[in-house]
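I have placed the structure first, in the form of structure tokens, so that the comments after it can refer back to it.
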Amino acid sequence: MRSTKYILSFAAILCLICAVVVSSARVALKERQTINKQLDQKKKVLGVVGLFDAGETVSPDEINQRFADNMRAKLVDLQTGRYVEASDDQLANFDQRKARQDPALSTTVDANSAQVRRVPNHALVYLKMKSGEIDKLVLPVEGKGLWSTLYGYIALESDTNTIAGITFYEHAETPGLGGEIDNPAWQAKWPGRKAFNGDWKPAIDVTKGSAGSVEDDPHNVDGLSGATITGRGVGYLIQFWLEEDKFGGYLANFRNGSLDGGQG
Ligand SMILES: Cc1cc2nc3c(=O)[nH]c(=O)nc-3n(C[C@H](O)[C@H](O)[C@H](O)COP(=O)(O)O)c2cc1C
């Protein structure tokens with residue numbers, strides 16, 4: 001028979017060894033996780049402008065190259081709707097979600113349907129370039145679904161109104177229900193629809209049931225069957241981020257060509 005002291009010491013040493021192993025693994029893998037997360041983000045941004053297909057197998061180097069060749073990152077001051085000077089390093093390391101949680105770097109907003117509580121003062125947008133011109137704008141969006149906050153991007157054509165695509169990179173909605181926001185078939189219903197009405201007020205919405213064609217019903221997208229709440233959340237969150245005091249002001253400046261150095 002082992003003594004109680006022996007058993008307790010054995011258990012304590014085992015716990016200590018396990019704790020050291022787990023925390024070492026966490027520290028050792030952190031950098032790799034960060035790199036993979038950034039890579040995944042780049043795939044989503046490339047995907048929303050049609051430069052990456054979810055089924056494609058490409059090396060990390062190829063993704064980085066494609067991103068560098070086609071996309072330009074910019075920091076936007078949401079209050080002024082103008083670009084903020086930022087080094088490549090600052091752009092690469094800007095963490096919008098962290099900024100949104102920091103009272104010094106974000107602002108509280110009134111209760112809204114997207115259930116967003118704070119908006120970062122600066123937001124990271126991506127410009128898709130084509131022959132030296134800005135072809136599309138990619139804006140980060142977030143808001144509540146049914147169970148979780150949905151994080152994604154909306155891409156607009158350079159008219160700042162026609163939707164080029166929508167994608168999500170993080171959420172915890174139910175697979176097969178709210179999780180259908182990731183379904184390429186549902187995402188394919190967005191391109192060509194119009195984000196704003198004639199007065200430049202956000203107008204795009206997710207209906208319950210089927211929407212009409214892009215031409216006949218440009219401001220509505222099909223709802224998700226059995227997941228009305230998630231679908232409605234997507235509509236609300238996009239409307240929220242397109243409002244004048246979010247990306248609306250920036251998009252107006254872009255349209256008017258009044259951004260520093262023209263539209264670039
Ligand atoms: C286990 C379970 C998971 C669900 N997950 C979602 C979801 O992710 N998103 C959603 O909108 N509704 C989800 N629902 C359904 C909602 O509770 C609600 O009934 C639905 O949004 C209403 O949509 P409908 O009018 O299209 O049926 C879920 C229901 C159950 C029972």
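The analysis underlying the following values was restricted to heavy atoms, covering all of them including side chains, and did not include hydrogens, waters or symmetry mates. Whatever order the structure lists ligands and atoms in, that order sets their numbers, starting from 1.
Note that atom 3 (C) of ligand 1 has protein non-hydrogen atoms nearby, at separations under 4.0 angstrom. Checking atom 30 (C) of ligand 1 against the protein gives no heavy-atom contact under 4.0 Å. Inside a 4.0 Å radius of atom 19 (O) of ligand 1 there is not any protein heavy atom. Shown here, atom 10 (C) of ligand 1 is in close reach of the protein: a heavy atom of it lies under 4.0 Å off.
The pair K246-E243 meets the salt-bridge criterion, since a charged nitrogen lies less than 4.0 angstrom from a carboxylate oxygen. Look at E170 and R97 and you find a salt bridge, because one of the NZ, NE, NH1 or NH2 atoms lies within 4.0 Å of a carboxylate O, short of that distance.
If you check which protein heavy atom lies closest to atom 24 (P) of ligand 1, you get T228 OG1, 3.0 Å. Closest to atom 28 (C) of ligand 1 among all protein heavy atoms lies L177 CD1, 3.8 Å. For atom 15 (C) of ligand 1, the closest heavy atom belonging to the protein is G226 O, 3.6 Å.
Taking the six-membered ring for Trp and thresholds of 30 and 60 degrees, F67 and Y126 have ring planes more than 60 degrees apart, a perpendicular arrangement.
Each of the following atoms of ligand 1 lies closer than 4.0 Å to a heavy atom of A227: 9 (N), 10 (C), 11 (O), 12 (N), 21 (O), 23 (O), 26 (O). Counting atoms of ligand 1 from 1 in the listed order, those under 4.0 Å from a heavy atom of G178 are 7 (C), 8 (O), 9 (N).
For K74 and Y83, the positive end sits near the middle of the six-membered ring, less than 6.0 Å away and at most 45° from its axis.
Between Y153 and F168, a ring centre-to-centre spacing not shorter than 6.0 Å is recorded.
The heavy atom nearest to atom 17 (O) of ligand 1, considering only L146, V234, L224, T174, is found in L146.
In terms of polar-atom proximity, I229 is counted as a contact of ligand 1, with an N or O under 3.5 Å from an N or O of the ligand.
Taking CZ of R66 as the start and CG of D61 as the end, the distance is 12.5 Å to the nearest 0.5 Å.
Remark: the E173 side chain and the T230 side chain contain an N/O donor-acceptor pair separated by less than 3.5 Å.
Residue contacts with ligand 1: K208 is included, with a non-hydrogen atom under 4.0 Å away.
Clustering ILVMFWY residues whenever any of their side-chain heavy atoms sit less than 4.5 angstrom apart, transitively, puts L177 in a cluster other than the one holding Y236.
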